[in-house]
There are 2 protein chains.
Amino acid sequence: MALRHALLAALLDRELSGYQLTKLFDLAASSFWHASSQQLYAELAKLEADGLLTGHEVVQHGRPNKRVFALTDNGRDELARFTAAPTKPISIRDDLIVKAYAEHAADPSVLIKQLEDRLAQSRAKDEFLQSQLARLRDGKSEEEYLASAENIGPYLAGTRGRMYLRDEIDWCEWASGVLRNRS
Amino acid sequence: MALRHALLAALLDRELSGYQLTKLFDLAASSFWHASSQQLYAELAKLEADGLLTGHEVVQHGRPNKRVFALTDNGRDELARFTAAPTKPISIRDDLIVKAYAEHAADPSVLIKQLEDRLAQSRAKDEFLQSQLARLRDGKSEEEYLASAENIGPYLAGTRGRMYLRDEIDWCEWASGVLRNRS
DNA sequence: CCCCACTACTCAATTTCTTGAGTAATCATA
DNA sequence: TATGATTACTCAAGAAATTGAGTAGTGGGG
């Protein structure tokens, strides 16, 4: 039941279809939470069965129809309960860190390549996220936005994601530099 | 097979018992990889069955005997193969970020409390990690250490963990400040 | 007009991880 | 001398996530 609350949070204050959620939770796009589309559709079905979400068909012209989902009152309550419950500590699980840990068994140039690949990915993601955050701010300064906007949750979460990416960029640059200096 | 390589990496250049690994992979202790002891013992058994690890009994006085594990040549090769293989992008999964995303459904004071709790945890972990890194450096400056040490993998990985924690500290402080200003 | 990309989903098998409960011995402390 | 913490593990059930393969319609480019 880990995805559950992420889905409820995503549907707070708006309706989205499974497919739109797929994109929001996509590996490449999400600095919020990740899940595959299969997992999403399965969890959406459960949430609907549990009455935390309602889905309704939207007829479309020129493309397949879709079902959009919205929070029910129960869903909103569940989300509030979740927010108040004790938070599990995070557990880091990143193959690239394992690879760095195993540096001694690796060919330095191979490891440097891995770090550079991640660096490029993270830079691209960071640019994307930055643009998303700018869109949310909608011309306002960050201060102004955070003081005035209705729903700042996505901005807070997105900022955390960006910090993560900035770190990754810094670390990859640093670590690959260290490795280059040694060889 | 996600834990696999983290275990192999942990056993690179040293022998450890299941119990010692438990502590290394513990939620509270690890900024490298997390796993429960049950998962570890199960995976150790598989790795031994697959010939990537060898375990041998160590008789102890004044405490239960233990089995320590060491990499085999196959294990070392497997680790090298893993390091060279394409790395999966990371997927962020942190309940606290979901809670921040759902800010609009939450009682601000509750969310602030959650952020402050995490802040305290991360500060404690950061102090611990900092001391671990200092121990690895063993009196040397970072530059000196990184240029001269045999096996810098754990230091590279630990540094990434510390960056993660620093970020978490910064973000929790920032986000709780934002929320306080709004209420 | 064919092929590819995109929208919008589904099914099934398997692996991985979590949760919860135990066992059993030793050591320190109150 | 009982009590709890630490060392060192095991078993089993179930939830969550991954992997891989499919279906089916629409729009646009060559």
Side-chain angles (χ1 to χ4, degrees), chain A residues 1-8 15-30 33-50 53 55-69 82 85-95 98, chain B residues 1-7 15-30 33-50 53 55-69 85-95 98:
Chain A
M1 315 243 155
L3 222 201
R4 294 215 117 185
H5 301 107
L7 270 170
L8 294 175
E15 302 196 329
L16 293 172
S17 67
Y19 190 69
Q20 286 178 294
L21 287 163
T22 302
K23 302 188 128 188
L24 184 61
F25 284 79
D26 179 59
L27 217 349
S30 176
W33 192 273
H34 156 73
S36 65
S37 63
Q38 296 94 314
Q39 222 196 324
L40 284 175
Y41 286 109
E43 196 63 43
L44 283 170
K46 277 193 211 164
L47 283 162
E48 197 179 5
D50 293 348
L53 244 47
H56 31 273
E57 191 88 11
V58 171
V59 178
Q60 298 188 112
H61 308 286
R63 68 188 60 180
N65 294 343
K66 62 182 177 183
R67 296 195 76 218
V68 297
F69 295 90
F82 164 72
T87 308
K88 290 188 206 166
I90 30 90
S91 44
I92 296 179
R93 274 176 186 158
D94 178 355
D95 280 355
V98 175
Chain B
M1 315 250 153
L3 222 201
R4 293 215 119 189
H5 302 107
L7 270 171
E15 301 196 329
L16 293 172
S17 68
Y19 191 69
Q20 287 177 294
L21 287 163
T22 304
K23 302 188 125 187
L24 184 61
F25 285 78
D26 179 61
L27 247 223
S30 177
W33 193 273
H34 156 73
S36 65
S37 63
Q38 296 93 313
Q39 221 197 322
L40 284 175
Y41 286 109
E43 197 64 43
L44 283 170
K46 276 193 211 163
L47 283 163
E48 198 180 4
D50 292 349
L53 244 47
H56 31 275
E57 192 87 12
V58 171
V59 178
Q60 297 189 113
H61 309 287
R63 69 186 60 179
N65 294 342
K66 63 182 177 183
R67 297 194 76 218
V68 297
F69 294 91
T87 309
K88 290 187 205 165
I90 31 90
S91 43
I92 296 181
R93 274 176 186 157
D94 179 355
D95 281 355
V98 175

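Throughout, a chain's letter reflects where its sequence line sits, starting with A, and its residues are numbered from 1. Not measured: the values here are computed from a predicted model.
For the pair Glu43(B) CD and dC9(D) P, the computed distance is 17 Å after rounding to whole Å. Taking atom CZ of residue Arg4(B) and atom C1' of nucleotide dC17(C), one finds them 16 Å apart after rounding to whole Å. Rounded to whole Å, atom P of dC9(C) lies 8 Å from atom CZ of Arg67(A). Going from atom CZ of Phe69(A) over to atom C1' of dC9(C) covers 10 Å, rounded to whole Å. For the pair Leu21(A) CG and dT10(C) P, the computed distance is 13 Å after rounding to whole Å. The CG-C1' distance, from Leu27(B) to dC17(C), rounds to 12 Å in whole Å. The separation between Glu48(B) atom CD and dC9(D) atom C1' is 14 Å, rounded to whole Å. Rounded to whole Å, the distance from CD on Glu57(B) to C1' on dT7(D) is 14 Å.
For the pair Tyr19(A) and dC9(C), the criterion of a side-chain N or O lying under 4.0 Å from OP1 or OP2 is not met. Taking side-chain N and O atoms only, Lys23(A) has no distance below 4.0 Å to OP1 or OP2 of dA8(C). Side-chain nitrogen and oxygen atoms of Tyr41(A) include none within less than 4.0 Å of the OP1 or OP2 phosphate oxygen of dT10(C). Distances shown here put a side-chain N or O of Lys88(A) below 4.0 Å from the OP1 or OP2 atom of dT19(C). For Gln39(A) and dT18(D), the shortest distance from a side-chain N or O to OP1 or OP2 is below 4.0 Å.
Backbone-only contact: Gln60(B) has heavy atoms under 4.0 Å from sugar-phosphate atoms and none from a base. His34(A) comes within 4.0 angstrom of the backbone, heavy atoms only, and of no base. In this structure, Arg93(B) reaches the sugar-phosphate backbone alone: every heavy-atom distance under 4.0 Å involves primed, P, OP1 or OP2 atoms, never a base.
One cannot find a donor-acceptor pair under 3.5 Å joining the base of dG22(C) and the side-chain atoms of Gln38(B).
Each of His61(A) and Ser36(A) was matched to the nucleotide of DNA chain D holding its nearest heavy atom; the match closer to the 5' end belongs to Ser36(A). Each of Asn65(B) and Ser91(B) lies near DNA chain D, and the nucleotide nearest Asn65(B) is the one positioned closer to the 5' end.
When each of Thr22(A), Leu7(A), Leu3(A) is tested with Gln39(A) by the rule side chain to side chain contact (heavy atoms under 4.5 Å, CB included), just one qualifies, namely Leu3(A).
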Output, in order, the C-alpha distance, side-chain angles, deciding distance and verdict of side-chain contact (heavy atoms from CB on, under 4.5 Å) for Phe25(B) and His34(B). CA-CA 5 Å; Phe25(B) 285 78; His34(B) 156 73; 5.8 Å; no

Pair Ser30(A)-Ile92(B), side-chain contact (heavy atoms from CB on, under 4.5 Å): steps then yes or no: CA-CA 8 Å; Ser30(A) 176; Ile92(B) 296 181; over 6 Å; no

As a quick check of understanding, evaluate side-chain contact (heavy atoms from CB on, under 4.5 Å) for Lys23(B) and Gln20(B), giving each step before the final call. CA-CA 5 Å; Lys23(B) 302 188 125 187; Gln20(B) 287 177 294; 6.0 Å; no

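A donor-acceptor pair under 3.5 Å is formed between the side chain of Tyr41(A) and the backbone N or O of Tyr19(A).
Once rounded to the nearest 0.5 Å, the distance linking CD of Glu48(B) with NE2 of His56(B) reads 10.0 Å.
Between dG25(D), dC9(C), dA17(D), one nucleotide has an atom nearer to the side chain of Pro64(A) than all others, and that is dG25(D). Listed nucleotides: dG25(D), dC9(C), dC17(C). Nearest to the side chain of Lys66(A): dC9(C).
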